[in-house]
Amino acid sequence: MASPPDTSKNPKLERYNSYIRRVNSTKLLAASSKLLFRVTLLVALVLILFFTLNYPPISDQITNKDNHHHHHIHTTQNFLSSAFYGSGAAWEKQVRHSSTPRRLNGFSVLVTGAAGFVGTHCSLALKKRGDGVLGLDNFNSYYDPSLKRARQQLLKKHEIFIVEGDLNDAELLAKLFDIVPFTHVLHLAAQAGVRYAMENPQSYVGSNIAGFVSLLEVAKAAVPQPSIVWASSSSVYGLNTQNPFSESHRTDQPASLYAATKKAGEEIAHTYNHIYGLSITGLRFFTVYGPWGRPDMAYFFFTKDILQGKPISIYQTQDGKAVARDFTYIDDVVKGCVGALDTAAKSTGTGGKKRAPAQLRVYNLGNTAPVPVEKLVGILESLLGVKAKKHVIKMPRNGDVPFTHANVSLAYRDFGYKPTTDLATGLRKFVKWYVSYYGIESRVKKEIDSKTANNE
Ligand SMILES: O=C(O)[C@H]1O[C@H](OP(=O)(O)OP(=O)(O)OC[C@H]2O[C@@H](n3ccc(=O)[nH]c3=O)[C@H](O)[C@@H]2O)[C@H](O)[C@@H](O)[C@@H]1O
C-alpha cells in the first residue's frame, strides 16, 4: 500500500487533503445511512409479512368468530401467546419449571382450562402432592375474566404457570408437547353453561368439538402419548328417565346443544382411542359448585342477587314439579379427577400409530343426592340472613332437564370415589369464600359464623 504523501510542510496540500478527507467521510456517512435505510426497510417488510400471516391466527378466526363482545381482546392475547411469549427463553423456562414433577414418579400434567373453576382446584391439588402442572387457558370473557385472573394469581403463588392460548392454536399445543413430555392431560377447557348455547351455539362447537379435536390431534402425535382425562357432563343423559343415572343408560337424547357437544366429545374420544391408542377417560360432572365457582351458575348468581335484593327465578317443570340437581361439591370432584388420573392406563400408540388396544372409560362424578332448586335457595337465604325475592316460573325450553341424579358405583369401584359434602356444608364454604372474595364479610359474617357454630 502506498504511504500517504507527507503534507506537513505544504499548507496548501494540507488544506486540500483535509478537504478530501471531509468529502470522503460525508460520502461514507451517506453510504452507510443508505445501507441502514435498506436494512430497516427489509426488517419492516419481514415484520409486516409475519404479522399478516399470523394475525389473527386462522384457528382464532374459528374459535372466536362468534364469541361475543371481546373478540379483539382474545385474538390479541392468542397472538401474543403463540408468537411472542411462545418463543422466548424465559417463557420456555417457566413452562419447564411449572410442569416438572417434584416427587418420585410424579406426573407431568397439562391442565387445559386451568384458570377455570375445576381447573384451578385440580391444578392446586396436583401441585400440592408433587406433580408438575402446566396450565393452558384463553381467558375468554364468557364470564368475568377478572375472576379468572384472580385464580391465575392463586396458581402463581403455588408456582403454577398458565400459558395464555387457545385449544385451536395447534402450533402452540405442539410447541408445548415439544418442550414437555406430558404424562397426562386433564382437559377441562370448554364452553360451559347449558342455556347460553341458544345465544352462542358456535362457541360450543369451537371449544367443545373443534378444540377437543385439536388437542387430541396433538396428543396422538406426541411422543410419548399422554393419557387423557377430560370433562364430559351429566347433561348427556338428556331426556333419560331411568333413575339414578348410570353410565350404561341412554345418552342419545341431549336436550341442549351444550349436551350434544359433550356427547360428541365422548364419541370423538372413542375414535381417537380406537385409531391411535390414546388412553381416554371422560368424567360426567354433576352441577359442580363451591369456592372460586362460576358466576354463570345458579347458586352463584342467586347469592349475588339475593344480597342485592334482586328477584330470582326458580324453575319448575311444565307440569309444575320441582326441578332438582345432584349438586356436587368441588373437593369431591377434585378427588374424582385425581383418582381418574391415578388409575388411567398409559396410551399405547407411538408415532401416531396404535400398538395395542387402549383404555377408554366414562364415569359419573355426582353427589348421589338430588336437591330441588327451591331447597338450594332456602339454604342460601339462611346462610346470608336475607330473604330471597322468589319468582317460581315454568322452566323455559332452552335446554334444562328436570332432574339429575348420579349413580357413582363405577367410580367408587375403580378409584374409590365417594362424595362426602352435602349441599348445606358445601354452600356454607362457598358463601364464606364469596363474601371474603368480594369484600362484604361484615354484612354477612354474623349469619355464617352462627351457622358454622351450629353445624360443627
Ligand atoms: O351437571 C352438568 O353437567 C352441568 O351443570 C351445570 O348446569 P346446570 O345443572 O344447569 O347448573 P345451573 O345453571 O347452575 O342450574 C342449576 C339449577 O338451577 C335451575 N335454575 C337456573 C337458573 C335460574 O334462573 N333458575 C333456576 O331455577 C336450573 O334449572 C337447574 O336445575 C353447569 O352449568 C354445566 O356446565 C354442567 O355441565
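Quantities reported herein were computed from a predicted structural model and do not represent experimental measurements. For ligands, and for the atoms within them, numbers begin at 1 and follow the listed sequence.
At a threshold of 4.5 Å between non-hydrogen side-chain atoms, the residues Leu365 and Val408 do not count as touching.
For a heavy-atom separation below 4.0 Å, the residues in contact with ligand 1 are Ala192, Gly193, Val194, Arg195, Ser233, Ser234, Ser235, Tyr258, Phe285, Phe286, Thr287, Arg294, Met297, Ala298, Phe301, Phe302, Ser313, Ile314, Tyr315, Val323, Arg325, Val373, Asp400.
The salt bridge (charged side-chain N to carboxylate O under 4.0 Å, His left out) test applied to Glu266 returns Arg284, not counting sequence neighbours. The ring pair (Phe, Tyr, Trp, His ring centres under 6.0 Å) check on Tyr437 picks up Trp292, Trp433, with sequence neighbours excluded. Residues satisfying the ring pair (Phe, Tyr, Trp, His ring centres under 6.0 Å) criterion with Phe245, sequence neighbours excluded, are Tyr237, Phe403.
Between Arg149 and Glu164 there is a salt bridge, since a side-chain N of the basic residue sits under 4.0 Å from a carboxylate O of the acidic one.
For Asn367 and Thr328, the side-chain atoms include no donor-acceptor pair closer than 3.5 Å.
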